[in-house]
**Student:** 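The structure that follows is given in the form of structure tokens.
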Amino acid sequence: MAHSLAASFSPAAAAARRQVTNVISSRSSVSFQSHRMTSVSIRSRPSSLRFKICCSAKKETVDKVCSIVKQQLALPDGTALTGESKFAELGADSLDTVEIVMGLEEAFNITVDETSAQDIATVQDAADLIEKLMQEAPPKVV
């Protein structure tokens, strides 16, 4: 741990941080790999100067969430969903979102607290939360 902290304050690390800062300021989205997570992305929003750092879920998780959302919202088979699909744009109201979360809890054998459930607006939000919860706690016994 001390080695990595020392390295992060080195002149080379400072130069790398400046380079990353330049890249981030010229793009709306940057992704890179991490040793502990599948992938990490940093997104900036044009309307504000805020950054959003999130861990991107595995494709299998996103696909399973898409399937559950399609089922819960009774979407036609041809409806294309991606990680960026927003529940509200798919016609989901707050009750539908609660039902989606309940379906996800059952399918993934997890428990989503109310605060976290309120932060879910997209398929990617749901998939990221699911993977986070699955890493934090062992699966429930059914």
Side-chain angles (χ1 to χ4, degrees), residues 1 3-5 7-142:
M1 182 75 134
H3 180 269
S4 64
L5 287 175
S8 67
F9 291 105
S10 71
R17 279 192 302 274
R18 281 192 299 276
Q19 184 178 11
V20 168
T21 302
N22 291 339
V23 170
I24 292 172
S25 65
S26 66
R27 298 184 181 183
S28 62
S29 178
V30 177
S31 297
F32 56 93
Q33 295 294 318
S34 171
H35 296 291
R36 300 179 97 182
M37 296 178 229
T38 304
S39 68
V40 176
S41 65
I42 301 173
R43 296 182 197 148
S44 66
R45 295 182 182 176
S47 62
S48 68
L49 297 176
R50 296 182 187 177
F51 286 93
K52 179 179 180 182
I53 299 176
C54 63
C55 305
S56 295
K58 297 175 191 164
K59 183 181 180 329
E60 299 82 29
T61 305
V62 174
D63 290 345
K64 189 170 180 179
V65 171
C66 286
S67 173
I68 293 165
V69 169
K70 279 184 180 183
Q71 179 184 356
Q72 291 293 330
L73 297 178
L75 298 175
D77 288 338
T79 305
L81 293 182
T82 67
E84 300 301 317
S85 298
K86 296 180 181 179
F87 298 155
E89 290 177 359
L90 297 170
D93 60 19
S94 58
L95 180 57
D96 291 323
T97 303
V98 169
E99 291 175 354
I100 290 169
V101 171
M102 290 171 57
L104 296 172
E105 287 178 323
E106 184 177 325
F108 288 95
N109 200 26
I110 58 170
T111 301
V112 178
D113 63 68
E114 186 177 335
T115 304
S116 296
Q118 291 174 353
D119 292 336
I120 299 172
T122 66
V123 169
Q124 189 68 52
D125 292 341
D128 291 342
L129 178 62
I130 289 164
E131 289 200 354
K132 177 184 169 205
L133 292 172
M134 290 174 64
Q135 287 178 355
E136 289 177 355
K140 298 186 296 186
V141 177
V142 180

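In what follows, every heavy atom counts, from backbone to side chain, and hydrogens, waters and symmetry copies are set aside. Only a predicted model underlies this, so the values are computations on that prediction, with no experimental measurement involved.
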**Student:** Calculate, to the nearest 0.5 Å, the distance between atoms OG1 and CG belonging to Thr79 and Leu90 respectively.
**Tutor:**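 The distance works out to 8.0 Å.
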**Student:** Looking at CD of Gln135 and CD of Glu131, how far apart are the two atoms once the value is rounded to the nearest 0.5 Å?
**Tutor:**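 Nearest 0.5 Å value for the CD-CD distance: 6.5 Å.
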**Student:** Which pair of non-hydrogen atoms, one from Val62 and one from Gln124, has the smallest distance, and what is that distance?
**Tutor:**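 Scanning both residues completely, I find the closest heavy atoms to be CG2-OE1, 3.9 Å.
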**Student:** Mind listing the closest non-hydrogen atom pair of Val69 and Phe87 along with its distance?
**Tutor:** CG2-CE2, 3.6 Å
**Student:** Can you run down the salt bridge (charged side-chain N to carboxylate O under 4.0 Å, His left out) pairs that involve residues 109-122, sequence neighbours left out, and say none if there aren't any?
**Tutor:**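 Pairs touching residues 109-122 that pass the test: none.
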**Student:** Looking at CG of Leu104 and CD1 of Ile110, how far apart are the two atoms once the value is rounded to the nearest 0.5 Å?
**Tutor:**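 These two atoms lie 6.5 Å from each other.
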**Student:** Going by side-chain hydrogen bond (donor to acceptor under 3.5 Å, both in side chains), name the pairs with one or both residues in residues 86-100, residues two or more places apart or in two chains.
**Tutor:** none
**Student:** Roughly how far apart are Leu133 CG and Glu105 CD, rounded to 0.5 Å?
**Tutor:** 9.0 Å
**Student:** What's the separation between atom CD1 in Ile68 and atom CG in Asp63, rounded to the nearest 0.5 Å?
**Tutor:** 11.0 Å
**Student:** Identify the two heavy atoms, one from Val123 and one from Cys66, that lie closest to each other, and give their separation to 0.1 Å.
**Tutor:** CG1-SG, 3.7 Å
**Student:** Mind checking the CD-OG spacing from Gln72 to Ser67? Nearest 0.5 Å is all I need.
**Tutor:**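 The CD atom of Gln72 sits 10.0 Å away from the OG atom of Ser67.
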**Student:** Taking all heavy atoms of Ser85 and all of Ala80, pick out the closest pair and write down the distance.
**Tutor:** OG-O, 4.3 Å
**Student:** Ignoring hydrogens, what is the shortest heavy-atom contact between Val112 and Ala117? Give both atom names and the distance.
**Tutor:** CG1-N, 3.7 Å
**Student:** With Lys70, which residues qualify under side-chain contact (heavy atoms from CB on, under 4.5 Å), at least two apart?
**Tutor:**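 Partners of Lys70 under the side-chain contact (heavy atoms from CB on, under 4.5 Å) test: Leu75, Leu81.
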**Student:** Between Asp125 and Thr122 (side chain of the first, backbone of the second, donor and acceptor by atom type, cut-off under 3.5 Å), is there such a pair?
**Tutor:**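 Between the backbone of Thr122 and the side chain of Asp125 there is a qualifying donor-acceptor contact (under 3.5 Å).
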